[in-house]
Amino acid sequence: MRMQENKIECIPLYSLNIFKTEVNNLNFEYLINYLYNLKKMLPSSSKSNIGGYQSPDNLYLDSNFFSLINIFNKIHNNITQSQNSKINSLWFNISSFTNYNDLHTHQNPPIYSDNKLSGVLYLQTPKNSGSIKLFNPLDLNSSLVIFPTKGDLLIFPQILPHSVSPNLSKEDRISIAFNYE
């Protein structure tokens, strides 16, 4: 895969930055089919998903994801101006009708550090399939809601609490999430 230069938008939130860009040079259909095949073979994890499927988080070891990880790394390195970080967990989510993800962070243990980043790439986002809500870690009554579309890549601090609203579409919402160490 050859990466195109994409505009990277920085959305400031509570002195934390959320980065949004578009990854549009993927074979989405092939990738989605591959994920559905993996879903048949791998048990679902139970982390933040309510009713949906969440794969194990060790898919960064699967060579079929290496070219995608290279795309993520180029964008991450552009944001951080660092070549030292690497992905240490990668998984996918398939959320069917009414499935959602409860409030959670990706930091483990949950110690404040805004230099560890997480990301999510949206592969399939039918109309009414929900939004991601990013919360102010100091005031959970304050948040930013993003309605992602196919190809959107969000990168944000692991400490940032977030949730994903229920999918109200009859089609699946599909995303790939990852963490940097």
Side-chain angles (χ1 to χ4, degrees), residues 1-4 6 8 19-77 85-108 116-134 146-156 158 162-181:
M1 270 188 259
R2 186 166 179 224
M3 178 152 166
Q4 298 174 347
N6 291 322
I8 298 175
F19 300 92
K20 181 180 175 193
T21 189
E22 187 177 352
V23 178
N24 53 17
N25 52 339
L26 294 177
N27 184 337
F28 287 93
E29 186 176 328
Y30 174 83
L31 191 52
I32 289 168
N33 286 332
Y34 182 68
L35 298 183
Y36 276 119
N37 286 329
L38 282 178
K39 179 184 175 193
K40 293 175 189 173
M41 298 184 296
L42 301 172
S44 182
S45 296
S46 293
K47 292 188 179 178
S48 66
N49 56 314
I50 308 298
Y53 175 85
Q54 193 170 60
S55 76
D57 66 3
N58 65 348
L59 297 181
Y60 67 100
L61 301 171
D62 181 338
S63 61
N64 291 297
F65 290 100
F66 289 175
S67 60
L68 189 58
I69 289 170
N70 285 334
I71 292 171
F72 296 155
N73 286 341
K74 286 180 185 176
I75 294 168
H76 178 272
N77 294 344
S85 298
K86 66 179 184 174
I87 289 178
N88 66 349
S89 58
L90 184 138
W91 66 97
F92 65 93
N93 303 285
I94 298 178
S95 298
S96 300
F97 182 65
T98 71
N99 299 160
Y100 64 96
N101 291 78
D102 216 357
L103 183 66
H104 64 286
T105 69
H106 289 202
Q107 185 98 14
N108 191 13
K116 302 283 187 195
L117 298 176
S118 293
V120 60
L121 172 66
Y122 290 89
L123 303 177
Q124 185 171 290
T125 56
K127 185 177 181 183
N128 298 320
S129 65
S131 62
I132 183 169
K133 193 173 196 178
L134 304 151
I146 297 174
F147 290 88
T149 59
K150 176 181 174 178
D152 280 353
L153 173 64
L154 300 176
I155 297 178
F156 51 89
Q158 289 180 9
H162 58 285
S163 63
V164 182
S165 65
N167 178 2
L168 300 180
S169 168
K170 298 296 183 184
E171 296 178 65
D172 291 341
R173 175 182 62 227
I174 302 173
S175 63
I176 294 177
F178 54 93
N179 294 322
Y180 281 89
E181 59 181 16

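Only a predicted model underlies this, so the values are computations on that prediction, with no experimental measurement involved. The residues of the chain are indexed from 1 along the displayed sequence.
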Looking only at heavy atoms, the pair that brings Y180 and K116 closest together is O-CD, 4.2 Å

Between the CZ atom in F156 and the NE2 atom in H162, the distance rounded to the nearest 0.5 Å is 4.0 Å

Restricting to pairs with a member in residues 86-105, which pass salt bridge (Lys or Arg N to Asp or Glu O under 4.0 Å), not counting sequence neighbours?
K86-E181

d(L153 CG, E22 CD) to nearest 0.5 Å is 10.5 Å

I'd like to check the side chain to side chain contact (heavy atoms under 4.5 Å, CB included) partners of N179; sequence neighbours left out, ordered by chain and number.
N88, S89, W91, H106, S118, Q158

Quick check for you: to the nearest 0.5 Å, what is the distance between L168 atom CG and K127 atom NZ?
12.5 Å

Roughly how far, to the nearest 0.5 Å, is CZ of F178 from CD1 of I69?
9.5 Å

Pair up each side-chain donor or acceptor in residues 38-45 with any protein partner under 3.5 Å, not counting sequence neighbours, and list the distances.
residue : atom : partner : partner atom : Å
S44     : OG   : Q54     : N            : 3.1
S44     : OG   : Q54     : O            : 3.4
S45     : OG   : S55     : O            : 3.4

Identify, with sequence neighbours excluded, every residue that meets ring pair (Phe, Tyr, Trp, His ring centres under 6.0 Å) alongside F92.
Y53

Please enumerate all residues that pass side chain to side chain contact (heavy atoms under 4.5 Å, CB included) together with S63, with sequence neighbours excluded.
F66

So, for I32 and L123, which heavy atoms are closest and what is the spacing to 0.1 Å?
CD1-O, 3.8 Å

Quick one: does D152's side chain have a donor or acceptor within less than 3.5 Å of a partner on T149's backbone?
yes

To the nearest 0.5 Å, atom CZ of R173 lies from atom OG of S129 at 6.0 Å

Could you tell me which residues satisfy side chain to side chain contact (heavy atoms under 4.5 Å, CB included) with S165, sequence neighbours excluded, listed by chain and number?
S131

Taking the side chain as everything from C-beta on, heavy atoms only, tell me whether N49 gets closer than 4.5 Å to N99.
no

Report the C-alpha distance between L31 and L68 in whole Å, list the side-chain angles of each, state the deciding distance to 0.1 Å, and finish with yes or no for side chain to side chain contact (heavy atoms under 4.5 Å, CB included).
CA-CA 10 Å; L31 191 52; L68 189 58; 4.2 Å; yes

Looking at N167 and E171, would you say the former's side chain and the latter's main chain have a donor-acceptor pair under 3.5 Å?
yes

Considering residues at least two apart in sequence or located in another chain, which fulfil the salt bridge (charged side-chain N to carboxylate O under 4.0 Å, His left out) criterion with D172?
none

4.5 Å side-chain heavy-atom contact, L26 and L121
yes

Which residues pass the ring pair (Phe, Tyr, Trp, His ring centres under 6.0 Å) test with Y60, not counting sequence neighbours?
none

Side chain to side chain contact (heavy atoms under 4.5 Å, CB included) with S175: which residues, sequence neighbours excluded?
N93, V120, Y122

Between the OG atom in S85 and the CG atom in N73, the distance rounded to the nearest 0.5 Å is 9.0 Å

Test salt bridge (charged side-chain N to carboxylate O under 4.0 Å, His left out) applied to K133 - qualifying residues, sequence neighbours left out:
none

With sequence neighbours excluded, give me every salt bridge (Lys or Arg N to Asp or Glu O under 4.0 Å) pair touching residues 53-70.
K47-D57

Would you say the side chain of V23 lies within less than 4.5 Å of the side chain of N25, judging by non-hydrogen atoms?
yes

Side-chain contact, heavy-atom cut-off 4.5 Å: L35 with I176?
yes

Hey, are S67 and N70 close enough side-chain-wise for a donor-acceptor pair under 3.5 Å?
no

Sequence neighbours excluded, the answer for ring pair (Phe, Tyr, Trp, His ring centres under 6.0 Å) partners of Y34 is F65

